[in-house]
Amino acid sequence: MNLDHATVRHIARLARLALPDGELDAVSADLTQVLHLFDELQTANVEGLNPLAHPLDVTVTLRDDAVTETDRSETLLALAPESQGGYYLVPKVIE
Amino acid sequence: MSAPFASIDALAADLAARRVSARDLAERALANARRHAHLNAFIGVDPERALAAAERAGNARGPLAGIPFAHKDIFCTKGQRTTCASHVLENFIAPYDAHVAERLDAAGAVSIGKTNMDEFAMGSSNENSAFGAVKNPWDEARVPGGSSGGSAAAVAAGIVPFATGTDTGGSIRQPAAFCGVTGLKPTYGRVSRYGMIAYASSLDCGGVLARSAADCAHVFAAIAGHDPRDATSAARAVDDVAASLDAPLAGLRIGVAREYFGAGVDDGVAACVREALAELEKLGATLVDVSLPNAHHAIAAYYVIAPAEASSNLARYDGVRYGHRAAQPKSLDDLYSRSRAESFGAEVKRRILVGTYVLSAGYYDAYYLRAQKVRRLIAGDFAQAFGDVDLIAGPTAPTTAFRLGEKSNDAIAMYAADVNTVAVNLAGLPAISTPAGFVGGLPVGLQLVAPAFAEARLLNVSHRLQQVTDWHARRPEGYA
Amino acid sequence: MSRAWEAVIGLEIHAQLSTASKLFSGAPTAYGAEPNTQASAVDVALPGTLPVPNRAAIAKAIRFGLAIDGQIASTSVFARKNYFYPDLPKGYQISQYELPIVGRGTLAVRVDDGRTIAVAIERAHLEEDAGKSVHDAFHAETGIDLNRAGVPLLEIVSAPVMHSAAEAVAYMRTVHTLVRWLGICDGNMQEGSFRCDCNVSVRPAGTTTLGTRTEIKNVNSFRFVEKAIEYEIERQIRAIENGETIVQETRLYDPTRHQTRTMRTKESADDYRYFPDPDLPPLVVTSADIERERASMPELPGARRARYVAALALPEADADQLCADKATADYFEAVLSALPGEAKLAANWVLGELAAALNEAQTPIEAARVDAAALATLLARLREGVISGKIAKEVFAAMWNGEGGADAIIEARGLRQISDTGALAAVIDEVLREFPQQRDACRGGQEKLFPFFVGQVMKRTRGQANPQQLNALLREKIGLETA
């Protein structure tokens, strides 16, 4: 059974990927096929196992509390498609 | 002027004897790139920058001083376009250098440009590039493998002596196998990910593709080591891989993984790999039959975990601070949704959607969490096997290079091609793909997997094999 | 509130940890910089950048954990909370979800009505702050300033165990005092260093099932928290009594109208897809890390308050006020150490004359123009009888104005009490000679004339006569019985 359109729309919305209605069928079929690939995970015996989120069970390394960055706003803002007065700009947001 | 290169040691000797200059080598690499431009191995070649670097290299010492190379376009290089083969970063000029770029720069190596790749390193054929597919120099109708396809093709074609790559599920080893070069994927955390654009952070690993294990060893020595800017960077000292290159193989136990020769593995490929293993046996190694009983879960676990991480890693491409921004957005959501939809390719979108799905409420436990548990099973398989053997061997890829377009419309078939490589990333282990013969004129790769931080052993075994075989030294017709 | 209903309140307090650099980058955290000048490549989420946690932020979280007797996790995990918003550059916030650094603890809170309640704290976790959206500076756009992005926060989550706005505010004040006391947060609410989300629900009195809660976001003053919770409780009761259902939602407090209103949601359906941050392996805190922090922990405000009442016999109100912040309590103790046994006198002056002067000058106690040692000297002179209480206030004012130490001012202004019997006797004799009739009348039984003589002597000694001595000597000279 294919993923229903509502689920596909919801996922596309969470991922902020514009998805025209005309593509829903194709995307749904495509994702369903990939998800099928995962069915076999249910056959693995994982009882009592802790999930492994990082290979080699490494632990995090820390840094000292020191200011090491200088103001690079000019360089960084220059990368922005739209900025003004030192701010990045987005379409008006209403809270 | 265009001509392929000798080994790094030979080039270094020529430079030291002043038979050739760093500038000569850079110019030769640039000429090679122009001559083989039809391969589409490069996203950007930068002669001016390369020649300036060659001038500076005159002051550097060490085996890589003055040696030309190319960077996979996933490594940020300051002041240079860094695209990750995506439209979203088509005009992105990185304001800083990746750790790997800094290290190679400090070693005096001379970058001539950035190689093509699958967009955001998502792919096994290099057909998912916003800048077009790359051709395999051994058969231009075939793919070079991916995602480091441009790097593999550039080395195979002799354009540069070596190129950087990254490996998340086989992206160094599989193209190395398809293009007949040597590709080293180090232990997770051995090479800093700082400045390496993320695909799946718990799997991504920087490494190298070169003509030989000896050449890989020089590059590995330059790029490996602790970097405080990456919280997953390993603090332990780096082994002297050059010192152990020639060590004898007597007593070495190589586990031949039964599952790596399973259904889907081409008979010719399997035969080549067995022949290469027989050579190692002659060198004193003992072949032992081993089993990795959960190997068949690796594809599913990988294609849950990698897209999950990718869906989050790629959320930053929203058209606000850099990168592609949709024209005249009607609202914030419109800005986000269109900027992203317009600039990501099909495979990237597919993985973002899959990754979003497996992390979403109601599916997290069944997919993501379960895949992480399976990941522990897979890591356990390796740990178990390494109780008995020093290395695990098998074919890098189940087949030789496939035809351009052959699998590009079949994601599942494409994913299946990663069957022997992804488990290594899930476990964070080092592995190498070393040339192991030819089937129908196309190269075959032998994959060797080692316990964590045993890169020296991989390079040693690959090097010894390369001393008694010439598969790695052969060149595709027209590229001699 | 109607007696038929019980409110249930839990607070999520965001305390900005006072570090020099951000939680995951080396960018500065100073307040008030020009937009985006403190946003590094990591903070704007450039491709290829990586987070590296700040050791000091972790130490400060441990200190908080110790202070609430909380469980400090030997392994905690940074997780990604995924949502799109322009003030969130990576498209996710790095926070802690399933395994926070500080687990369950508890805090004793004194409510205004005199009760002490134990507030359970469910957890305290590390997370990065978001940037700031500026809505009014541009025509059709919103401006984004990422200076705040990545600033370290400790989110302190209480259990839903408070039942009135007064209890909630008392808890919030206690936490505010504590984090400043520990030196882990500057507590500056105007600058957003200490802010609060309030979870409010109501249920029929006597029942135990929780009602549907609403969350009031980002309230940044004690008064607003009180008003917002009061309003929200009333609103919910009214709604339920009118047959409406409470919707689980996020609301904003409008301080001008003293109302809460529905906020537009950030994610259409909240699905944050939390998962362990693959850039950040588990954070391991060793017992050595914990012991190092424990060794440098100050005496906590609750313990110190109790000590002031029990060992120093201070009134509870004095102890409360002295322990409202560590600098005040430390100042008090410094005075006391130079003036042993005079706790009440020291408390009276720290909370009276000194507090008034600080308030008038709008100066924090750390920058007081009269330090503890100087105040102790002044109080010693008062106790020794060198000056009277009235004169002491005059001397204090002069000290505050920078005229020098207590002794120098007393000398320079000639304010020393006349305790020399001979000198005082001479003045008394002079007065009695001048007013012989009144002297005789007083001696004859008109004792109401006695204060007249006291006044005359004080006038001639410019108030410097030791009152007790004057009394005794005057009675003797007039011929009255010694009192």
Side-chain angles (χ1 to χ4, degrees), chain B residues 74-76 82 84 86 88-89 92 94-99 120 189 192-198 200-204 227-233 305 308-309 311-318 320-323 332-333 335-337 340 355-364 368-369 372, chain C residues 23-26 36 39-55 78-94 97-98 131 133 135 140-144 146 149 264 266-283:
Chain B
I74 199 169
F75 290 100
C76 286
T82 300
C84 230
S86 181
V88 74
L89 292 177
F92 177 68
Y96 74 107
D97 273 325
H99 175 87
F120 284 103
S192 169
R193 294 180 296 115
Y194 178 80
M196 193 176 103
I197 298 178
S201 314
S202 80
L203 302 158
D204 291 344
D227 177 11
R229 297 168 299 185
D230 174 357
T232 61
S233 172
I305 293 166
E309 294 183 12
S311 70
S312 177
N313 281 336
L314 271 61
R316 66 188 59 197
Y317 305 103
D318 59 8
V320 177
R321 296 162 315 284
Y322 49 80
L332 182 64
D333 275 346
L335 168 70
Y336 287 157
S337 299
R340 292 166 60 76
T356 303
Y357 182 82
V358 299
L359 288 175
S360 66
Y363 302 102
Y364 181 89
Y368 179 78
L369 200 63
Q372 296 285 39
Chain C
L23 183 52
F24 297 114
S25 84
N36 289 307
S40 70
V42 172
D43 305 318
V44 307
L46 281 198
T49 55
L50 296 170
V52 183
N54 183 337
R55 199 185 303 281
F78 288 108
R80 293 185 181 177
K81 178 181 184 179
N82 294 283
Y83 65 93
F84 284 86
Y85 207 66
D87 64 11
L88 192 69
K90 295 186 292 296
Y92 56 84
Q93 178 195 34
I94 307 177
Y97 187 54
E98 282 182 343
S133 301
H135 300 297
E141 278 124 344
T142 291
I144 307 296
L146 297 174
R264 268 177 59 123
K266 286 190 175 181
E267 182 76 77
S268 56
D270 281 356
D271 185 348
Y272 293 125
R273 289 157 283 136
Y274 281 100
F275 75 109
D277 191 325
D279 285 326
L280 295 166
L283 170 66

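Just so it is clear, the model here is predicted, and its values are computed rather than measured. Just so it is clear: chains get the letters A, B, ... in the order the sequence lines come, proteins before strands, and each one is counted from 1.
Nearest heavy atom pair, residue B/S360 against residue C/D271, reads CB-OD2, 3.3 Å.
With a threshold of 4.5 angstrom between heavy atoms, C/A41 does not approach chain B through any atom at all. With a 4.5 Å cut-off on non-hydrogen atoms, C/P53 touches chain B through its side chain but not through its backbone. Looking at C/L146, the atoms closer than 4.5 Å to chain B (heavy atoms on both sides) all sit in the side chain, from C-beta outward. With a 4.5 angstrom heavy-atom cutoff, B/A308 touches chain C only via backbone atoms. Both the backbone and the side chain of B/N313 have a heavy atom closer than 4.5 Å to some heavy atom of chain C. With a threshold of 4.5 angstrom between heavy atoms, B/L89 approaches chain C through side-chain atoms but not through N, CA, C or O. Residue B/A361 touches chain C through both its backbone and its side chain, counting heavy-atom pairs closer than 4.5 Å. At a 4.5 Å heavy-atom cutoff, the contact between B/F92 and chain C is made by side-chain atoms alone. Proximity to chain B is limited to the backbone of C/Y274, based on heavy atoms less than 4.5 angstrom apart. For chain C, the nearby parts of B/T356 are the backbone and the side chain; heavy atoms of each come within less than 4.5 Å. There is no contact between B/Y363 and chain C, counting heavy-atom distances below 4.5 Å.
A side-chain donor-acceptor contact under 3.5 Å links B/R316 to the backbone of C/L46. In this structure, B/T82 contributes its side chain and B/C76 its backbone to no donor-acceptor pair below 3.5 Å. Judged purely by atom type and a 3.5 angstrom limit, C/R80 has no side-chain atom pairing as donor or acceptor with the backbone of C/Y92. No donor-acceptor pair under 3.5 Å is formed between the side chain of B/E309 and the backbone N or O of C/P278.
The aromatic rings of C/F275 and B/Y368 sit perpendicular to each other, their planes meeting at more than 60°, with 30° as the lower class boundary. Taking the six-membered ring for Trp and thresholds of 30 and 60 degrees, B/Y317 and B/Y322 have ring planes more than 60 degrees apart, a perpendicular arrangement. Under the 30°/60° scheme for interplanar angles, the aromatic rings of C/F24 and C/F78 are found to stand perpendicular.
Looking only at heavy-atom pairs under 4.5 Å with chain B, the residue among C/P51, C/G91, C/P86 that has the most is C/P86. For the set B/R193, B/R229, B/Q372, the count of heavy-atom pairs under 4.5 angstrom toward chain C peaks at B/R193.
A donor-acceptor contact under 3.5 angstrom links the side chains of C/D279 and B/S201, judged on distance only.
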